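Have a look at the structure below, then the notes.
Note on naming: letters A, B, ... go to the chains in the order of the sequence lines (proteins, then strands), and numbering restarts at 1 for each one. Everything numeric in this text was worked out from a predicted model, so none of it was measured.
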Protein chains: 2
Amino acid sequence: MQPQKNGENKSITIYDIAKEAGVSASTVSRVLTNSANVRSEKKKKVLALIEKYNFKPNALAKGLADTKTRTIGVLAADIRNPFYASLFVECENAARAVDYTVVLCNSLGETDKEVELLGKLQEQRVDAIIQIGGRGDDLASNVEYVELINQIMAKTPVVVTGKLDGTRCHVVRIDAMKAMEILMDHLLELGHKRIALIGGRKDVLSTFEKHQRYKQILKENMIEFDPALVAEDGGYNFETGYRQMNEMLDKGVRPTAVVAINDFSAMGVMRSINEHGLQIPQDISVVSYDNTYMAEMAIPKLTSVDYNYEEYGRKLIDTATAMIEGRKTGQLRMVMPTLVVRGSSGPAPLEL
Amino acid sequence: MQPQKNGENKSITIYDIAKEAGVSASTVSRVLTNSANVRSEKKKKVLALIEKYNFKPNALAKGLADTKTRTIGVLAADIRNPFYASLFVECENAARAVDYTVVLCNSLGETDKEVELLGKLQEQRVDAIIQIGGRGDDLASNVEYVELINQIMAKTPVVVTGKLDGTRCHVVRIDAMKAMEILMDHLLELGHKRIALIGGRKDVLSTFEKHQRYKQILKENMIEFDPALVAEDGGYNFETGYRQMNEMLDKGVRPTAVVAINDFSAMGVMRSINEHGLQIPQDISVVSYDNTYMAEMAIPKLTSVDYNYEEYGRKLIDTATAMIEGRKTGQLRMVMPTLVVRGSSGPAPLEL
DNA sequence: ATTATAAGTGAAAGCGGTTTCAATTAGACT
DNA sequence: AGTCTAATTGAAACCGCTTTCACTTATAAT
């Protein structure tokens, strides 16, 4: 009943197993790693002892000895965001399938924390680092940061979900242009012409690309671009979506459809629309990105672009392991978005 | 431009630093750990080299040598649930403050995965394990599982958020009775008498306790217990909340208030109520637990019990480190809930 | 039965740190 | 200058596993 004292009990080691089995430690190691033939009677005996003592080989010693940990560090921006959480879980699954372990850190958007955690991951000798969100998603590469990443990459492969010019980082990311295209096609088909863009910062690559594509598509469809319909520099959460939509409506700007930067943002947009006494989708359609569980909870349910998290996670892990093992993959891999249509988008209202 | 080859470049070690600084490795180790006096000129020189090469001591070697990793494993049920995500982030913060690192694993509710991950954490020689959700929250302890945990605890302290009879696990958990009490007080004060309970499984400790307390409170207030108002054995998500509320309303059962097991569940409940043409809170009030960001997004905003995640995370980490360091703490620590009242709860409608 | 070849095995040297122990060196006081 | 104590230091052992190397034992082929 005493509190657990530290170092109270020596761990059992392969030497203990070896002694009791009447073999050498090398042999135990061989059965553990299945790295060489071991006479089956001895193997059986060793296995039995491992079972008996519930022996767990010390991963630190192992990692130290063979300089690989079969561990991949995932540095996420904020795991409380279901987009990141879903992606992380799928990374975990994919890693598991190829016998790797992932370890998660959250930078919470703070660059210095991000730098610190990157260092910590290196200390732990993770075999590779996957950065989800964070500086690696920025549109413009920060010089110091690029230098840091290059320094890290001298030892540890890094894969990011954005881009990082000036580094040999591999990247796996969503085809943001395509994602915008899907949404626009959907809305245009429904007859919308006054389509607003809410949320996001343009210094984030994917957001930037979406805005680019948005303008292109308008042009292709001979719709005049109206700056009033684009809310610049908002965030990615409920409050900013709510606020930006309020501002737009309060100014008397009336889109017939809104593309929100993600589901959080969309929820804010929807609330704002409701509070202005307007109906979704009769007066204004709302669509967004990420297709998180919130899309199902919204009233009406939210039309949202899905990213196939499972595929995304798999590609991320596959790229990381490829870099670790010197296997070659494309340096840039895309994840294709698909549209999930729900009740929040409908035909454009008739022109007055 | 070649893909990163594995083991391409030997890491720089304390020996390299030592040589260049003209001191012994022991000295470098001393400045690294600040474990003993080192003449300041040498110290300065060593520090300079560390800086110069951006030297990161190998955590594996360190862990192996001193048998502590300053790492705490967190085994969560599902990080996609914002409740767990928030708690995890706060654990991370709290750990950081005392110079520990946390590593996350998700069991996704699968017991065998949970067992496997527990093993993995032990292999990695985490100094302690915190189990958030999962089997450690079950009402009735499973014999095999208890044995497993005891086996683990022979080496590694474990703290759970539920309870685990038959082990020396420490536990930090929410005062679920109090949480129910807060909600009931609020509803009773608003004049509600027909209060429904939706969601959750009674084999989960906290849910069980809530149900217990619910009945007690009814009795204390001379309200007759009506089984029709309690949906047994649902889940903790949107769909189950939605389905259970539908079933209740379709059966003609009409509560004036609903206590949902968490915000997810509450969102389902709210949708069901809406679809039945009823108003929240005019016809039915809805309240729930966890106070996640969804509470703010709901329409109307959701009255929910908050758990002070920061305090919770801090207590969890403090308990873990206490066990690691042989410091004593209570074996059971509670986190007190508070009520956040929003628009989803209002006065009971007048009796017909 | 005799070789040639393959399979199985143990000793020992790392991996990169920490820590004990004994030896030096510095500083404080007569 | 001489002595005593405290502060610094380096050598070497060790943490627990992998792996090379050389050697022994089996198995297959002649």
Side-chain angles (χ1 to χ4, degrees), chain A residues 6-47 49-50 53-71 120 122-127 155, chain B residues 6-46 49-50 53-71 122-127 155:
Chain A
N6 194 41
E8 199 161 65
N9 23 29
K10 306 255 110 281
S11 266
I12 150 168
T13 71
I14 54 169
Y15 287 93
D16 302 321
I17 301 282
K19 182 147 52 145
E20 188 162 341
V23 300
S24 74
S26 329
T27 296
V28 175
S29 173
R30 286 182 185 110
V31 351
L32 238 29
T33 55
N34 228 300
S35 58
N37 298 348
V38 171
R39 198 172 305 283
S40 78
E41 8 161 2
K42 300 195 176 184
K43 187 169 187 169
K44 213 165 292 175
K45 196 177 297 183
V46 168
L47 253 13
L49 290 170
I50 288 175
Y53 294 115
N54 191 248
F55 168 69
K56 301 261 180 264
N58 186 323
L60 301 172
K62 180 174 172 112
L64 183 57
D66 65 11
T67 65
K68 32 180 75 70
T69 54
R70 290 198 81 80
T71 285
K120 214 140 213 165
Q122 267 213 303
E123 286 184 11
Q124 292 177 200
R125 297 299 189 263
V126 294
D127 293 339
K155 299 234 29 44
Chain B
N6 193 41
E8 198 161 67
N9 25 27
K10 307 255 109 283
S11 265
I12 151 167
T13 72
I14 53 168
Y15 288 92
D16 303 319
I17 301 280
K19 183 148 47 145
E20 187 163 342
V23 300
S24 73
S26 329
T27 297
V28 175
S29 174
R30 287 183 184 109
V31 347
L32 239 28
T33 56
N34 228 300
S35 58
N37 298 349
V38 170
R39 197 173 307 280
S40 77
E41 8 162 3
K42 300 196 176 187
K43 186 169 188 168
K44 213 164 294 175
K45 196 177 299 182
V46 168
L49 289 170
I50 288 175
Y53 293 115
N54 192 247
F55 169 68
K56 301 262 181 261
N58 186 323
L60 301 171
K62 183 177 170 108
L64 182 57
D66 65 11
T67 65
K68 32 180 75 72
T69 55
R70 289 198 83 78
T71 285
Q122 267 214 304
E123 286 185 8
Q124 293 178 202
R125 296 301 190 264
V126 295
D127 292 341
K155 300 234 28 48

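Closest contact between the side chain of B:Ser24 and the listed nucleotides D:dT8, D:dG10, C:dG16 involves D:dG10. Minimum atom distance to the side chain of A:Ala65 is reached by C:dC15, of the listed C:dC15, C:dA26, C:dG16. When distances are taken from the side chain of B:Val38 to each of C:dG17, C:dG10, D:dT9, the shortest belongs to D:dT9. Nearest to the side-chain atoms of B:Asn37 among the listed nucleotides C:dT19, D:dT8, D:dT19 stands D:dT8.
Rounded to whole Å, the distance from CD on B:Gln124 to P on D:dG16 is 17 Å. Between the P atom of C:dG17 and the CZ atom of B:Arg70 lies a distance of 18 Å, rounded to the nearest Å. Taking atom CG of residue B:Asp66 and atom C1' of nucleotide D:dG16, one finds them 14 Å apart after rounding to whole Å. One interatomic measurement links the two molecules: CZ of B:Arg30 to C1' of D:dA11, which rounds to 11 Å at whole-angstrom precision. Straight-line distance from the CG atom of A:Leu64 to the P atom of D:dC15: 14 Å, rounded to whole Å. In this structure, the CG atom of B:Asp16 is 11 Å from the P atom of C:dC15, given to the nearest Å. If you measure from atom CG of A:Leu60 to atom P of C:dG14, you get 22 Å, rounded to the nearest angstrom.
Atoms OG1 and NZ, from A:Thr27 and A:Lys45 in turn, are 11.5 Å apart once rounded to the nearest 0.5 Å. Taking CZ of A:Arg125 as the start and CG of B:Leu60 as the end, the distance is 7.0 Å to the nearest 0.5 Å. With rounding to the nearest 0.5 Å, the separation of CG in A:Asn54 from CD in B:Gln122 is 7.0 Å. The NZ atom of B:Lys19 lies 12.5 Å from the CG atom of B:Leu49; values are rounded to the nearest 0.5 Å.
Residue A:Ser29 places at least one side-chain N or O under 4.0 Å from the OP1 or OP2 atom of D:dT18. The phosphate of C:dT9 (OP1 or OP2) has a side-chain N or O of A:Lys42 nearer than 4.0 angstrom.
Here B:Ser35 lies out of heavy-atom contact (under 4.0 Å) with every strand. Across all strands, A:Val28 comes closer than 4.0 Å to no nucleic acid atom at all (heavy-atom distances). Among the heavy atoms of the strands lying under 4.0 Å from A:Thr27 are primed sugar atoms or P, OP1, OP2 only; no base atom is included. At a threshold of 4.0 angstrom between heavy atoms, the contacts of A:Ser26 include nucleobase atoms, whether or not backbone atoms are also involved. As judged by a 4.0 angstrom heavy-atom cut-off over every strand, B:Thr13 is placed among residues touching the sugar-phosphate backbone only.
Counting only heavy atoms from C-beta outward, the side chains of B:Leu32 and B:Ile50 approach each other to under 4.5 Å.
Both A:Ala59 and B:Tyr15 lie near DNA chain D, and the one whose nearest nucleotide falls closer to the 5' end is B:Tyr15.
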